[in-house]
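Inspection log for the structure reproduced underneath, given as structure tokens.
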Amino acid sequence: QVGLVESGGGSVQSGGSLNLSCVTLGYRYPTYCMAWFRQAPGKEREGVAAIDDDGRTTYAESVKSRFIFSQGNAKNTMSLQMNSLKAEDTAMYYCASRPRPSGGPCRIIPGDFGDWGQGTQVTVSA
């Protein structure tokens, strides 16, 4: 069982930045996909970004050039740097992981992932 704990959410004004962290507790897949998803009230959960154990990243079009998903400084920690935040980025952000599938990049589709954190709230005021 993979345990995931998110942190770093908060409230910022439009144009501001936040850095979210996801820590993997316990077992970690030898090869993996890790991803961030978000869900705003009344909306479906949507993919934000994914990274695999080789460091290859995938981003949703809505966050490209603004968000950076990378290996964090601490072991078993992933970092999502969010810049130029907009009101529409307001949501609960979830970290997720899964074993990396063979033959392709990590997709940021909720149904692909089996391990989830509890989420961290990001609120961006206009």
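Computed from a predicted model, the values in this text were never measured in an experiment.
- Panel note: side chain Asp54, backbone Arg56; no donor-acceptor pair is recorded below 3.5 Å.
- At a threshold of 4.0 Å, the pair Arg100-Asp53 counts as salt-bridged, since one of the basic side-chain nitrogens sits closer than that to a carboxylate oxygen.
- Under a 3.5 Å cut-off, the side chain of Glu6 and the backbone N or O of Gln118 do form a donor-acceptor pair.
- Under the 3.5 Å distance criterion, the side-chain polar atoms of Thr90 are matched with a main-chain donor or acceptor of Val124.
- Distance check, rounded to the nearest 0.5 Å: CG of Leu18 to OG of Ser11 gives 8.5 Å.
- Between Trp116 and Phe37, the ring center distance clears the sub-6.0 Å criterion.
- Note: Ile51 CD1 to Cys33 SG = 10.0 Å, rounded to the nearest 0.5 Å.
- How far CD of Gln81 is from OG of Ser21: 9.5 Å, rounded to the nearest 0.5 Å.
- The shortest heavy-atom contact between Asp89 and Ser84 is OD2-O, 4.4 Å.
- Checking side-chain atoms of Gln13 against main-chain N and O of Ser125 turns up no donor-acceptor pair under 3.5 Å.
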Quick one, Arg38 with Met92, criterion side-chain contact (heavy atoms from CB on, under 4.5 Å). Give me CA distance, side-chain angles, the key distance, then yes/no. CA-CA 5 Å; Arg38 65 187 181 187; Met92 184 71 80; over 6 Å; no
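- Using a 4.5 Å cut-off between side-chain heavy atoms of Ile, Leu, Val, Met, Phe, Trp and Tyr, with links allowed through other members, Val48 and Ile108 fall into different hydrophobic clusters.
- Remark: Arg107 CZ is loosely packed, at most 12 non-hydrogen atoms of other residues, nucleotides or ligands lying under 6.0 Å away.
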List the steps, then state whether side-chain contact (heavy atoms from CB on, under 4.5 Å) holds for Val2 with Arg28. CA-CA 6 Å; Val2 174; Arg28 192 177 196 188; over 6 Å; no
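- The minimum heavy-atom distance between Tyr27 and Tyr29, with the atom names listed, is CE2-CD2, 3.5 Å.
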Please step through side-chain contact (heavy atoms from CB on, under 4.5 Å) for the pair Asp52 and Tyr32, ending with a clear verdict. CA-CA 6 Å; Asp52 69 16; Tyr32 57 81; 5.7 Å; no
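- For the atom pair CE of Met34 and SG of Cys106, the computed distance is 10.5 Å after rounding to the nearest 0.5 Å.
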Determine, stepwise, if the pair Glu46 / Gln39 fulfils side-chain contact (heavy atoms from CB on, under 4.5 Å). CA-CA 6 Å; Glu46 63 172 352; Gln39 188 166 19; over 6 Å; no
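- The heavy-atom pair separating Cys22 from Leu4 by the smallest distance is SG-CD2, 4.0 Å.
- In this structure, a donor-acceptor pair under 3.5 Å is present between the side chains of Ser17 and Asn83.
- Hydrophobic clustering, with ILVMFWY side chains joined whenever heavy atoms are under 4.5 angstrom apart, keeps Phe113 apart from Tyr93.
- Looking only at distances, a side-chain donor or acceptor of Tyr59 sits under 3.5 Å from a matching main-chain atom of Phe69.
- Here the closest non-hydrogen pair linking Val122 and Met82 is CG2-CE, 3.8 Å.
- Interatomic distance, NZ of Lys64 versus OG1 of Thr58, reported as 8.5 Å (0.5 Å rounding).
- Linking Ile, Leu, Val, Met, Phe, Trp and Tyr residues whenever their side-chain heavy atoms come within less than 4.5 Å places Val12 and Ile68 in a single cluster.
- With values rounded to the nearest 0.5 angstrom, Ser97 atom OG is found 4.0 Å from Asp115 atom CG.
- A donor-acceptor contact closer than 3.5 angstrom links the side chains of Ser79 and Asn19.
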